[in-house]
Amino acid sequence: MTEKRVRVRFAPSPTGYLHVGGARTAIFNWLFARHTGGDFLLRIEDTDQTRYDENALKELIADLKWLGLSWDEGPEVGGPHESYFQSQRLPHYQKYAKQLVETGHAYPCFCTSERLDALREQQKLNNLPSSYDRLCRNLPVAVAAQRIQAGEKHVIRFKVPFHGNTIFTDLIRGQIEYQNRILDDLVLLKTDGFPTYHLANVVDDHLMEISHVLRGDEWIPSTPRHVLLYQALGWEPPTFCHLPVILAEGGGKLSKRKGAASVGDYRDLGYLPEVMVNFLSLLGWSPGEDLEYMEKDVLIEKFTLDRVHPKSAVFDERKLEWLNGQYFLQRPAEYFLPLLKPLWEKAGAPLAEFSESYIVQAIALLKDRSKRLPDFVEFGLYFFKEPETYDEKSRKKYFVPGAEILLDTLIAELELLPNFEAPTLEACYRDAAEKMGKKGGDLIHPTRLALSGLPFGPGLFELMAALGRETVLRRLGAASAAIRIGFPS
RNA sequence: GGUGUGUUCGUCUAGUGGUUAGGACGCUGCCCUCUCACGGCGGAAGCAGGGGUUCAAUCCCCCUACGCACUACCA
């Protein structure tokens, strides 16, 4: 038996944004392909004309690119099996549907959706399992041909055997068995000539030489039908591997209502794409050692299907936040420059007035205490703008009447300093504190509040050195004046 | 209702027929410290329940409970 080249695919239907569940499926496919040196294809399953949305396709592709999941064949890059849009592959599906009819594995069905609806309703009423009653299955071929000739609308249905079982092996669950009699005669070709998922999927996976199907486990119940289809077409089915679903906190599906659900949502919340890939990889898979922070190359090296497990996982946003913080710690400040510039500018920071090295310095001081990109804005705007307010609780503690004298004293001391380096500043503050019979913190906290408006932040002396003497003196003066005037209670 | 699938700390997970059931997030105590983070050292917290098999079951088998999925001319 020869090992087939690994060829996997992510086959989304462009009906909306890229859900994190879909992203996780894409990531596992991608990791598996990269680990094995195989191919990763992107195929667009746009066979539902009623749900087609061109915008969704654009966003989907943008999201995949943002995550850094490059595909070897598919939209934009082409490949030997074009087209990678199912809507442009109709002749293939029609050909095989016809073949199935001719070989007696499928038949035309003229039942209207009204009849089908009524049938289902009746079955439900009687507490019976709902399934097609196979009314058209026994139509004589000649009669069927005549009705088609007459232009009667019809679909093509697959003839599922009445007896026997269909067994297939799922890579992470083992053998799964279905009784054929509970499978009903699924539709292969719709009235409009478009294929259903089942037909298109099987035909394309075969034609595109897909070796492993990694998809969400909602597809398990469809798999026996697919296997039957492969058999009827005389093809060898691929290896199946059904991935567990991702749930929201507290159970249930991840949705907008429960916070965020799409990759775009998390991008907007300020998570790095590498972090999303890392985090999502850990949902349903682990490397088998105590390792969680894994850059892409490590993930690729470690990823194997036999370590994927079948339990559905809850998406824990706090852990995602932690992981994002870990990446912030590792990334150099320059890395954040292009990510942060637009955010800061949007918040009103006049970045043009500052040198790039100053901005990088600000990032360096902020990144180790930030968890998401917006933190840089929320807790770092003072690098570029005067603080507009002072944290109230802290202000009441430090900006009390008389505090202006302290600030004025500090201003006087700072004016005399030979340079504005952090060690010099620290020595100055320690000296001043001693002279005044105070603790360092008694000077440090009011200063930080005057400079940033916040009760926390980078080490004060690094912050002062970064801001520069002029800005420091100006802000201390402003705070002193504000204290003198008094704050509205 | 039917069919399928799953169940190790709150969450993500490691693990084995005999372990003090390991790690991580979160929570929490202490240390570091100018604050906030980071980091370090600790703590609380788990094998869904019931039957088997076995000298021994978290691990193997069965049942129950609960969750989830599917049950479309959607994917």
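The chains referred to below are lettered A, B, ... by the order of the sequence lines, with proteins before strands, and numbering in each begins at 1. Please read all numbers here as calculations on a predicted model, not as lab measurements.
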Among the candidates B:G6, B:C73, B:U13, find the nucleotide nearest to the side-chain atoms of A:His309. B:U13

So, OP1 or OP2 of B:A75: does either fall under 4.0 Å of a side-chain N or O from A:Thr47? yes

Please check: side-chain N/O of A:Arg469 versus main-chain N/O of A:Leu414, any donor-acceptor pairing under 3.5 Å? yes

Assign each of A:Leu329 and A:Asp217 the nucleotide of RNA chain B bearing its closest heavy atom; nearer the 5' end lies the nucleotide of A:Leu329

Which of these nucleotides, B:G39, B:U3, B:A24, is closest to any side-chain atom of A:Lys319? B:A24

Give the nucleotide from the list B:C70, B:C73, B:C12 with an atom nearest to the side chain of A:Glu292. B:C12

So A:Arg307, base contact, sugar-phosphate only, or nothing? Heavy-atom distance under 4.0 Å. sugar-phosphate

With both distances under 3.5 angstrom, what nucleotide forms a Watson-Crick or G-U wobble pair with B:C38? none

Look at the side chain of A:Lys371 and the base of B:A37, then say whether one donor and one acceptor between them are separated by less than 3.5 Å. no

Answer yes or no: does a side-chain N or O of A:Lys153 lie under 4.0 Å from OP1 or OP2 of B:C73? no

Watson-Crick or G-U wobble mate for B:A48, both contacts under 3.5 Å: B:U64

For a quick check of understanding: with a heavy-atom distance under 4.0 Å over all strands, which category does A:Lys253 fall into, base, sugar-phosphate or nothing? sugar-phosphate

Of B:C36, B:C12, B:G26, the nucleotide closest to the side chain of A:Arg318 is B:G26

Which part of the nucleic acid, if any, lies within reach of A:Gly284 when heavy atoms closer than 4.0 Å are counted: base, sugar-phosphate only, or nothing? sugar-phosphate

Is the distance from the ring center of A:Phe328 to that of A:Phe376 below 6.0 Å? yes

Any side-chain N or O of A:Gln326 below 4.0 angstrom from OP1/OP2 of B:G39? yes

A:Phe110/A:His154 aromatic ring centres below 6.0 Å: yes

Can you identify which nucleotide, out of B:A75, B:U7, B:U5, has its nearest atom closest to the A:Ile176 side chain? B:U5

Selected nucleotide, minimal atom distance to A:Arg173 side chain, candidates B:U35, B:A37, B:G6: B:G6

Name the nucleic acid region contacted by A:Leu460, choosing base, sugar-phosphate or nothing; use a 4.0 angstrom heavy-atom cut-off, strictly under. base

By the Watson-Crick or G-U definition, both distances under 3.5 Å, B:G10 is matched with B:C25

For the side chain of A:Arg369, counting heavy atoms from C-beta on, which of B:A37, B:G4, B:U13 is nearest? B:A37

Upstream residue (5' side of RNA chain B) when A:Asp192 and A:Leu128 are each assigned their closest nucleotide: A:Leu128

In whole angstroms, the gap separating P of B:C36 from CG of A:Leu366 amounts to 16 Å

If you check the A:Pro310 side chain, which of B:C74, B:U3, B:U7 turns out closest? B:U7

I need the OH-P distance between A:Tyr178 and B:G2, as an integer number of Å. 15 Å

Looking at A:Ser113 and B:C73, is any side-chain donor or acceptor paired with a base atom of the opposite kind under 3.5 Å? no

Base partner of B:C32, which must satisfy Watson-Crick or wobble distances under 3.5 Å: none

Which listed nucleotide (B:C25, B:U35, B:A75) is nearest to the side chain of A:Trp322? B:C25

Considering only side-chain heavy atoms of A:Arg430, which listed nucleotide, B:A75, B:G10, B:C34, is closest? B:C34

Confirm from the modelled atom types if A:Arg157 and B:C73 form a donor-acceptor pair under 3.5 Å, side chain to base only. no

Can you tell me if the side-chain N/O atoms of A:Ser452 get under 4.0 Å from OP1 or OP2 in B:C36? no

